[in-house]
Amino acid sequence: MPSPSVANLDGNPGIEIVVPAYDGKLYAFRSDGTIYWTYTFSSVATPYTGASEATIADLNQDGAPEIIFTTFSSGEPRQPDTPAHLIILASNGVQVHKVPLFGRGAMSAPTVADVDGDGQVEIVISLKDTLGNGKGGVQIWNVAGSAANCLLWPTGRGSYLREGNYVGP
């Protein structure tokens, strides 16, 4: 089971907890334990489709964070049982983007960072399968119009040290 992610998604006091489950849903829980929203990434038990830990960042500089995660599939290498995706949700759980991924997708949390130093963030994912012909399984996606000033939970377990501490904005 992937680790939960935490951030203030709605601007109200308290933080929300975002976690994928084995029932094919990504859950956002309020700080009092009630469900804020759910997003269904898979609606069938077999073949299996899982989801990574989510990362949380304001990708479009609108003051509200987006939730970024990947899905992955069972199957033989490069032959997924179901399609895999990079998914971006608005802070209220509404799908903004759903981009197909190669092969069986990605199990690990995406990382959101300004990798190339241009002032805009990129989304870095590590695929389960290599692309072939000597190409690795890491993909970097440019996010036009973004900035690195609001990275609430930018990588697995919240930081590059993986300590899972929420500092807040």
Side-chain angles (χ1 to χ4, degrees), residues 1-11 15-20 26-28 39 41-42 49-73 75 77-78 80 82-169:
M1 176 66 75
S3 296
S5 307
V6 296
N8 187 323
L9 299 179
D10 62 7
I15 58 174
E16 283 71 43
I17 302 165
V18 178
V19 63
L26 184 75
Y27 287 86
Y39 172 83
F41 60 85
S42 177
T49 299
S52 71
E53 175 183 348
T55 54
I56 304 169
D58 183 0
L59 297 179
N60 58 5
Q61 299 190 68
D62 67 352
E66 281 76 40
I67 295 89
I68 306 102
F69 71 102
T70 58
T71 63
F72 60 90
S73 173
R78 300 175 181 223
T82 59
H85 297 92
L86 168 67
I87 300 171
I88 300 174
L89 306 177
S91 60
N92 62 0
V94 173
Q95 181 180 299
V96 177
H97 296 287
K98 186 175 182 179
V99 181
L101 292 176
F102 174 77
R104 296 174 296 161
M107 295 177 74
S108 59
T111 294
V112 180
D114 182 6
V115 176
D116 57 7
D118 67 354
Q120 297 185 50
V121 297
E122 288 78 35
I123 299 171
V124 181
I125 60 171
S126 177
L127 297 171
K128 284 180 71 174
D129 299 314
T130 61
L131 297 172
N133 297 328
K135 299 176 186 173
V138 174
Q139 291 187 331
I140 301 174
W141 304 67
N142 290 315
V143 183
S146 65
N149 62 348
C150 189
L151 305 177
L152 302 175
W153 196 266
T155 192
R157 290 159 186 83
S159 76
Y160 303 123
L161 296 176
R162 308 289 201 251
E163 74 268 343
N165 294 330
Y166 177 70
V167 178

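Every value quoted in this text rests on a predicted model; they were computed, and no experiment measured them.
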Name each donor-acceptor pair under 3.5 Å that joins a side chain in residues 150-157 to protein atoms two or more places apart or in another chain, with its distance.
| from | atom 1 | to | atom 2 | distance (Å) |
| --- | --- | --- | --- | --- |
| W153 | NE1 | S5 | OG | 3.4 |
| W153 | NE1 | E53 | OE2 | 3.0 |
| T155 | OG1 | T111 | OG1 | 2.7 |
| T155 | OG1 | R162 | NH1 | 3.2 |
| R157 | NE | S3 | OG | 3.3 |
| R157 | NH2 | S3 | OG | 3.2 |

Between side-chain atoms of residues 94-109 and protein atoms elsewhere (two or more places apart, or another chain), which donor-acceptor pairs fall under 3.5 Å?
| from | atom 1 | to | atom 2 | distance (Å) |
| --- | --- | --- | --- | --- |
| Q95 | OE1 | Y39 | OH | 2.5 |
| R104 | NE | D129 | OD1 | 3.0 |
| R104 | NE | D129 | OD2 | 3.2 |
| R104 | NH1 | G75 | O | 3.2 |
| R104 | NH2 | D129 | OD1 | 2.6 |

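Between the S73 side chain and the T82 main chain, a donor and an acceptor come within less than 3.5 Å of each other. S52 places a side-chain N or O within 3.5 Å of a backbone atom of T70 that can act as its donor or acceptor partner. Checked by atom type and distance alone, the side chain of Q120 pairs as donor or acceptor with a backbone atom of G145 at under 3.5 Å. Under the 3.5 Å distance criterion, the side-chain polar atoms of E122 are matched with a main-chain donor or acceptor of V115. A donor-acceptor pair is defined here as one N or O able to donate and one able to accept, closer than 3.5 Å; no such pair exists between the side chain of N8 and the backbone of I15.
Side-chain contact between T55 and F69 is absent, with no heavy-atom pair separated by less than 4.5 Å. The shortest side-chain heavy-atom distance between I68 and I56 does not fall under the 4.5 Å cut-off. The shortest distance between side-chain heavy atoms of I88 and I67 does not fall below 4.5 Å. The shortest distance between side-chain heavy atoms of V112 and L59 falls below 4.5 Å. Residues L26 and V19 form no side-chain contact, since every pair of their non-hydrogen atoms from C-beta on lies 4.5 Å or further apart. Considering only heavy atoms from C-beta on, L131 comes within 4.5 Å of Q139 through its side chain. I87 is listed as a side-chain neighbour of T71, based on a closest heavy-atom distance under 4.5 Å. A 4.5 Å side-chain heavy-atom check between F72 and T49 finds every atom pair outside the cut-off.
Taking all atoms of both residues into account, the shortest heavy-atom contact from A51 to P2 is O-CG, 3.0 Å. Here the shortest heavy-atom pairing between V121 and A147 reads CG1-O, 3.5 Å.
Taking CD1 from I125 and CD1 from I140, the interatomic distance works out to 10.0 Å, rounded to the nearest 0.5 Å. Note that the CG atom of D58 and the CD atom of E66 stand 5.5 Å from one another [nearest 0.5 Å]. Summarising the geometry, atom OG belonging to S146 is positioned 9.0 Å from atom CG belonging to N60; distances are rounded to the nearest 0.5 Å.
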- Task: Kindly indicate, with the supporting measurements, whether the criterion side-chain contact (heavy atoms from CB on, under 4.5 Å) is fulfilled by I123 and V143.
- Result: CA-CA 7 Å; I123 299 171; V143 183; 3.8 Å; yes
